[in-house]
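Presented below is the structure to which this report refers.
Counting starts at 1 for both ligands and their atoms, following the listed order.
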Amino acid sequence: MEKKNIDWSNLGFAYMPTDKRYVANYRNGAWDSGELTSEATITMSECAGVLQYAQTIFEGLKAYTTEEGKIVTFRPDLNAERMENSAKRLEMPVFPKERFLKAVVETVKANAAWVPPYGSGATLYVRPYMFGSSAVIGVKPAEEYQFRVFATPVGPYFKGGVKPLKLTISDFDRAAPQGTGNIKAGLNYAMSLHAIVSAHHDGFDENMYLDAATRTHVEETGGANFLFITKDNKVVTPKSSSILPSITRRSLMTVAKDYLGLEVEERAVHVSELKDFAECGLCGTAAVISPVGMVVDHGKEIKFPSGMEKMGPVTQKLYDTLTGIQMGRIKAPAGWITVIE
Ligand code: PLP
Ligand code: COI
């Protein structure tokens with residue numbers, strides 16, 4: 001298979017239509033058999049549930065070319081499980097896990113020419129999603145749904161690659177305690193747009209959101225969880241019922257413990273503790289691990305000792321081990337890697 005003629009090393013995080021996408025429709029209480037299609041455009045009712053009441057959920061995972069030249073994905077079973085939770089919370093039908101996994105594999109296989117080569121720094125981002133496609137005008141769940149998967153080659157999420165980020169503590173809330181912060185619903189991202197545009201306008205790369213109830217504890221950013229490293233090399237990640245259970249973060253906690261022999265803690269993190277950490281990073285499928293150099297709390301600069309030039313040493317080890325596992329350089333725990341071809 002001949003790869004597409006793309007300048008892989010200079011890709012940003014942007015959408016580029018690829019050859020095939022997967023589509024299945026839910027009608028009369030059942031999913032149809034689903035298929036791959038070349039059609040990238042969707043036609044639906046002007047009154048579709050997704051358009052009127054934002055009934056839409058999504059997932060994000062990546063396909064990698066390993067050192068040996070195989071195409072693999074990383075823990076897609078956890079994306080299927082998280083999408084099931086998202087669907088239930090928004091009163092949507094569940095797309096069965098086995099079918100989710102098959103749809104991901106079929107989509108990646110059909111776009112194998114778009115999977116960036118090993119060592120290019122780029123990956124194939126895979127986006128499963130589902131939305132209410134039938135008309136609703138009273139506030140209620142739609143009766144018909146579409147599940148789709150597309151794939152698009154991407155480079156780093158943050159411009160500048162691994163240069164440490166500058167964050168601001170947001171005055172907007174991302175998620176209420178009993179809200180939808182723990183699922184991957186489009187609405188969580190729509191409501192973050194004003195906050196991120198404002199942060200960019202003010203010269204920041206991202207927002208740090210606090211818990212909405214007390215505004216005293218660190219939650220996450222608009223698209224990634226936090227990891228902190230203490231001065232005695234413990235890995236700490238915020239615990240909250242209103243943050244997205246990041247697959248990258250859960251994996252990194254295992255990597256820290258089992259591969260690097262570090263102590264790990266998932267616990268509430270108070271804002272006043274920020275000044276005591278040695279390193280800070282954002283983790284997620286898109287973000288991988290992006291180092292944070294500074295958090296600004298209403299004009300007060302909190303600088304991590306790792307600085308604004310490079311990743312801190314523990315963050316770097318976590319990054320190297322995780323990406324080593326994903327790219328086949330380091331042996332993965334059982335079940336973490338699905339070989340596609
Ligand atoms: N938090 C939010 C709000 C996200 O959108 C994402 C991205 O998926 C993450 C965290 C990271 O999750 P994961 O590691 O599963 O990609
Ligand atoms: C991901 O990391 O897959 C996400 O969905 C985050 C998004 C902000 C791009």
Legend entry - P245-ligand 1 polar pair, N/O distance under 3.5 Å: no
Inset, instruction - Provide the number and element of each atom of ligand 1 under 4.0 Å from a heavy atom of R82. - result: 12 (O), 13 (P), 15 (O)
Inset, instruction - Considering heavy atoms of the protein only, find what lies nearest to atom 8 (O) of ligand 1 and give residue, atom and distance to 0.1 Å. - result: K184 NZ, 2.8 Å
Inset, instruction - Please identify which atoms of ligand 2 are closer than 4.0 Å to at least one heavy atom of G223. - result: 6 (C), 8 (C)
Legend entry - Nearest protein heavy atom with distance in Å, relative to atom 16 (O) of ligand 1: T285 OG1, 2.5 Å
Inset, instruction - Ignoring hydrogens, just give me the one of G60, S246, A175 whose non-hydrogen atom is nearest atom 12 (O) of ligand 1. - result: S246
Legend entry - Within reach of ligand 2, part of E59 (heavy-atom separation under 4.0 Å): neither
Legend entry - Part of K62 with heavy atoms under 4.0 Å of ligand 2, whether side chain, backbone, both or neither: neither
Inset, instruction - Indicate, as side chain, backbone, both or neither, the part of R174 found under 4.0 angstrom from ligand 1 when only non-hydrogen atoms are considered. - result: side chain
Legend entry - Heavy-atom side-chain proximity of P153 to N111 below 4.5 angstrom: no
Legend entry - Residue pair N79 / F74: nearest heavy atoms and the distance that separates them: OD1-O, 4.3 Å
Legend entry - Distance-only donor-acceptor check, side chains H298 and D171, under 3.5 Å: yes
Legend entry - Distance-only polar pair, side chains of W114 and D19, donor-acceptor under 3.5 Å: yes
Inset, instruction - Return yes or no for this condition: an N or O of R249 is under 3.5 Å from an N or O of ligand 1. - result: no
Inset, instruction - Kindly confirm or rule out an N or O of E220 lying under 3.5 angstrom from an N or O of ligand 1. - result: yes
Legend entry - F228 and F226: CA distance, side-chain angles, deciding distance, ring-ring contact (aromatic ring centres under 6.0 Å, His included) verdict: CA-CA 7 Å; F228 298 101; F226 279 106; 5.5 Å; yes
Legend entry - Cluster overlap Y26 with V94, hydrophobic side-chain contacts below 4.5 Å: no
Legend entry - Smallest separation among heavy atoms of R249 and L244, with atom names: NH2-O, 3.9 Å
Legend entry - For the student: nearest non-hydrogen atoms of L252 and L322, plus distance: CD2-CB, 3.9 Å
Inset, instruction - Please write down residue, atom name and distance for the protein heavy atom closest to atom 2 (O) of ligand 2. - result: A286 N, 2.8 Å
Inset, instruction - Counting heavy atoms only, name the option from F13, F58, Y157, Y125 that's nearest to atom 1 (C) of ligand 2. - result: Y125
Legend entry - Proximity flag E59 to ligand 1, non-hydrogen atoms under 4.0 Å: no
Legend entry - Any donor-acceptor N or O pair under 3.5 Å, side chains N188, T180: yes
Inset, instruction - Take every heavy atom of A286, measure it against each atom of ligand 1, and state whether any distance is under 4.0 Å. - result: no
Inset, instruction - Give yes if a backbone or side-chain nitrogen or oxygen of Y189 is under 3.5 Å from a nitrogen or oxygen of ligand 1, and no if not. - result: yes
Inset, instruction - Distance to 0.1 Å, residue and atom name: give those for the protein heavy atom nearest to atom 6 (C) of ligand 1. - result: G223 O, 3.2 Å
Inset, instruction - Below 4.0 angstrom from a heavy atom of R127, which ligand 2 atoms are there? Numbered from 1 as shown, please. - result: 5 (O)
Inset, instruction - For the residue pair Y64 and Q326, confirm or rule out a side-chain donor-acceptor distance under 3.5 Å. - result: yes
Legend entry - Distance-only donor-acceptor check, side chains Y189 and K184, under 3.5 Å: yes
Inset, instruction - Determine whether the side chains of R215 and Y209 contain a donor N or O and an acceptor N or O closer than 3.5 Å. - result: no
Legend entry - For N225, the ligand 1 atoms whose distance to one of its heavy atoms is below 4.0 Å: 1 (N), 10 (C)
Legend entry - Identity and separation of the nearest protein heavy atom to atom 5 (O) of ligand 2: K184 NZ, 2.7 Å
